[in-house]
**Student:** 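Take a look at the following structure, please.
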Amino acid sequence: MSEAAESVPAGTTSVRRSRDVPMLVERARTGDPRAVARLITLVENGDTLLPAIAAALAPYAGQAQVVGLTGSPGVGKSTTTNELVRALRARGHRVGVLAVDPSSPFTGGAILGDRVRMQDHATDPGVYIRSMSSRGHLGGLAAATPQAVRVLEGAGCDVVLVETVGVGQAEVEVASLADTTLVLLAPGMGDAIQAVKAGILEIADVFVVNKADRDGVDATVRDIQGMIALGERGPGQWRPQVVRAVAARGEGIDDIAAAIDKHRGWLVEHGELRRRQEARAAAEIEAIALGTLRARIGSLRDGTELSTLAAKVAEGGLDPYAAADTLLAQLAR
Ligand SMILES: Nc1nc2c(ncn2[C@@H]2O[C@H](COP(=O)(O)OP(=O)(O)OP(=O)(O)O)[C@@H](O)[C@H]2O)c(=O)[nH]1
Ligand SMILES: [Mg+2]
């Protein structure tokens, strides 16, 4: 705990290094980007202040519309995000952007590219853009991202766009945190097949076939529509939309926005929005609980409990299941 940071009157330096959660949240509420940045850093680092931050932000849960964008590297996620931000700003929305890379513990060069591509909004006080890595956070990005979303909700963002790189399991996990998930594909990248393998098809609410200025766009659209047709869907279930775009020229962005709106309407109409928010909360609680358990098991390993049990199991006096039960009972205390 940095005492100095707290005694300094609230200014630039103190906000950047502050550990005063009520002050940071109050400032974030007024849209102070430094307070938002500081809170997200604390979240990202898995700081010991996390529970206090979560408690202070709890009243603002569920106030923003969360839209996830995922897809292979270079498919055009940041370009699309940038254009969507423009469209949302034109409607007067406050927008938060989180660019997360689940596959690497540190966000690397791609982020610099994102910054450049989203430069258009760098001086707009109605836009907050942030890159995130999973460094330090016990539950990884799947646990850190919803908390960062809460920070942005607390800061008054109406919409939060979450860009994740890749089409693997970790991306599916992060993308499933959104109310509406956009999966971006490009012609000729074999993305459609990879998407099926990674279970992306199940989480996509809207498919965006970007780079529609390239050859093979019709075939890609056909592939996806074929896959959607094969997917089992009960009556009243959402049928994923397919939208073409040339994000680099701002084309198709209105169609993407319209598809997001349509999905939003469907979510509300079918009570699915609350169900998704609850599923998200459940995943969050589980990740935190597992993180705590893992930390406690780690500390048990250093102690005598585990070695005592291990000795008994090794000499045949106890079976490992019973030993694990004993261990869990000890952890619960
Ligand atoms: N031809 C063409 N190029 C595009 C289009 N949209 C984006 N690009 C280009 O594709 C490249 C990658 O775009 P990004 O928006 O950075 O892609 P990304 O998916 O965010 O990439 P990562 O974050 O690295 O995974 C850039 O050079 C863009 O200018 C498009 O519609 N058509
Ligand atoms: Mg990007």
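Every number for a ligand or one of its atoms is a count from 1 in the order of the listing.
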**Student:** Taking both backbone and side-chain atoms of Gly74, is any N or O found less than 3.5 Å from an N or O belonging to ligand 1?
**Tutor:**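 So ligand 1 has an N or O lying under 3.5 Å from an N or O of Gly74.
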**Student:** With a 4.5 Å heavy-atom cut-off, do Val43 and Arg150 have their side chains touching?
**Tutor:**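 Answer no - side chains too far apart.
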**Student:** Within ligand 1, which atoms have a heavy atom of Glu163 less than 4.0 Å away?
**Tutor:**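 Going through ligand 1 atom by atom, the ones under 4.0 Å from Glu163 are 20 (O), 23 (O).
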**Student:** Considering only residues two or more places apart or on different chains, which pairs with a residue in residues 251-260 satisfy salt bridge (Lys or Arg N to Asp or Glu O under 4.0 Å)?
**Tutor:**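 For residues 251-260: Arg249-Glu251.
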**Student:** Under 4.0 Å, heavy atoms only, figure out whether ligand 1 is touched by the backbone of Glu251, its side chain, both or neither.
**Tutor:**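 For Glu251, no heavy atom sits under 4.0 Å from ligand 1.
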**Student:** Glu163: which N/O/S atom is nearest the Mg ion (ligand 2)?
**Tutor:**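 Per the distance ranking, Glu163 contributes OE2 as its closest N/O/S atom to the Mg ion (ligand 2).
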**Student:** Might you point out which heavy atoms bring Ile253 and Ala87 nearest each other, and give the distance in Å?
**Tutor:**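 Taking Ile253 first and Ala87 second, the nearest heavy atoms are CG2-CB, 4.2 Å.
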**Student:** Does ligand 1 come near enough to Asn210 that some N or O of the ligand is less than 3.5 Å from an N or O of the residue?
**Tutor:**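 Yes; at least one N/O pair falls below 3.5 Å.
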**Student:** Check each atom of ligand 1 against the heavy atoms of Pro73 and keep those under 4.0 Å away; list them by number with element.
**Tutor:**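 Reading through ligand 1 atom by atom, the close ones are 25 (O).
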**Student:** Could you list the donor-acceptor pairs under 3.5 angstrom formed between side-chain atoms of residues 309-326 and any protein atom two or more places apart in sequence or on another chain?
**Tutor:**
{"unit_1": "Asp319", "atom_1": "OD1", "unit_2": "Tyr321", "atom_2": "N", "d": "2.9"}
{"unit_1": "Asp319", "atom_1": "OD1", "unit_2": "Ala322", "atom_2": "N", "d": "2.9"}
{"unit_1": "Thr326", "atom_1": "OG1", "unit_2": "Ala322", "atom_2": "O", "d": "2.9"}

**Student:** For ligand 1, does Asp213 get within less than 4.0 Å through its side chain, its backbone, both, or neither, judged by non-hydrogen atoms?
**Tutor:**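 It is the side chain that touches ligand 1; the backbone stays farther off.
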**Student:** Counting heavy atoms only, name the option from Ser72, Gly71, Ser78 that's nearest to atom 20 (O) of ligand 1.
**Tutor:**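 Among Ser72, Gly71, Ser78, the closest heavy atom to atom 20 (O) of ligand 1 comes from Ser78.
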**Student:** Is there a side chain to side chain contact (heavy atoms under 4.5 Å, CB included) between Gln147 and Ile288 once you walk through the steps?
**Tutor:** CA-CA 11 Å; Gln147 287 158 28; Ile288 293 166; 3.8 Å; yes
**Student:** From Ser78, does some N, O or S atom reach closer than 2.8 Å to the Mg ion (ligand 2)?
**Tutor:**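 Yes, within the cut-off.
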**Student:** State the atoms of ligand 1, each with its element, that fall below the 4.0 Å cut-off from a heavy-atom position in Ala247.
**Tutor:**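 With Ala247 as reference, the close atoms of ligand 1 come out as 6 (N), 31 (O).
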**Student:** Can you confirm whether Leu182 sits close enough to Ile256 that some side-chain heavy atom of one is under 4.5 Å from a side-chain heavy atom of the other?
**Tutor:**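 Touching, per the 4.5 Å side-chain cut-off.
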**Student:** With a 4.5 Å heavy-atom cut-off, do Asp20 and Glu26 have their side chains touching?
**Tutor:**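 The answer is no, as the side chains (C-beta and beyond) never meet within the 4.5 Å cut-off.
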